[in-house]
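What follows is a set of notes on a single structure, which appears directly below.
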Amino acid sequence: MAEVVEDATLDEMLAAARAIMPRAYVPYSHFRVGAALLNEDGTIRPGVNIENASYPLSVCAERNAVASMIVAGHGKILAVAVATDAPTPTPPCGGCRQVLWEFGDVDTPVVAEGAGGVRARWRLGDLLPDAFGPDDLT
Ligand code: THU
């Protein structure tokens with residue numbers, strides 16, 4: 001069962017995700033995404049999307065945040081935040097849901113904020129039902 005994450009922490013994570021958005025490298029889509037992950041020790045790891053002239057090699061903000069978390073020595077995601085300037089809050093794409101699942105669980109909160117502060121909230125288990133994950137390989 002996931003630990004309860006305070007609303008104030010989710011607010012802080014969304015602020016961190018929004019603050020990092022200007023660093024997104026998005027010359028092709030111009031769609032900036034900022035992500036932030038909460039680690040076991042309460043630290044927050046940000047990420048942005050990084051696109052490439054070879055389009056399929058572009059990497060989403062959430063997956064870059066996972067890379068940053070792993071490099072920093074963490075291995076568990078307690079919450080996920082995603083910020084964009086889209087009219088509706090942007091949920092993690094299918095590929096990112098799978099990568100987040102590796103380090104989260106059914107109850108991990110996923111919050112998103114779009115333009116004008118409009119927000120949405122999900123549980124990771126609802127975004128990726130019947131997920132394939134590490135337990136399937138034991
Ligand atoms: N993108 C993300 O960074 N996260 C998502 O979950 C959805 C899509 C990025 C990928 C690409 O750089 C741009 O948004 C448009 O798809």
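Hydrogens, waters and symmetry mates are skipped; everything else that's a heavy atom, side chains included, is used. We count ligands from 1, going down the list as the structure has it; atoms in each ligand are counted the same way.
With sequence neighbours excluded, the residues that form a side-chain hydrogen bond (donor to acceptor under 3.5 Å, both in side chains) with R123 are D107, D126. R18 is linked by a side-chain hydrogen bond (donor to acceptor under 3.5 Å, both in side chains) to D85, E113, counting only residues two or more places apart in sequence or in another chain.
Using a 4.5 Å heavy-atom threshold, the side chains of R121 and D7 count as touching. Between W101 and V106, some side-chain heavy-atom pair lies under the 4.5 Å cut-off.
Near ligand 1, residues S29, F31, V33, N49, E51, C60, A61, E62, P91, P92, C93 each place a heavy atom inside the 4.0 Å sphere around the ligand atoms.
Y25 belongs to a hydrophobic cluster with I20, V48, I50, counting contacts under 4.5 Å between side-chain heavy atoms of Ile, Leu, Val, Met, Phe, Trp and Tyr, direct or through other members.
Judged by distance alone, the side chain of N49 and the main-chain N or O of V26 form no donor-acceptor pair under 3.5 Å.
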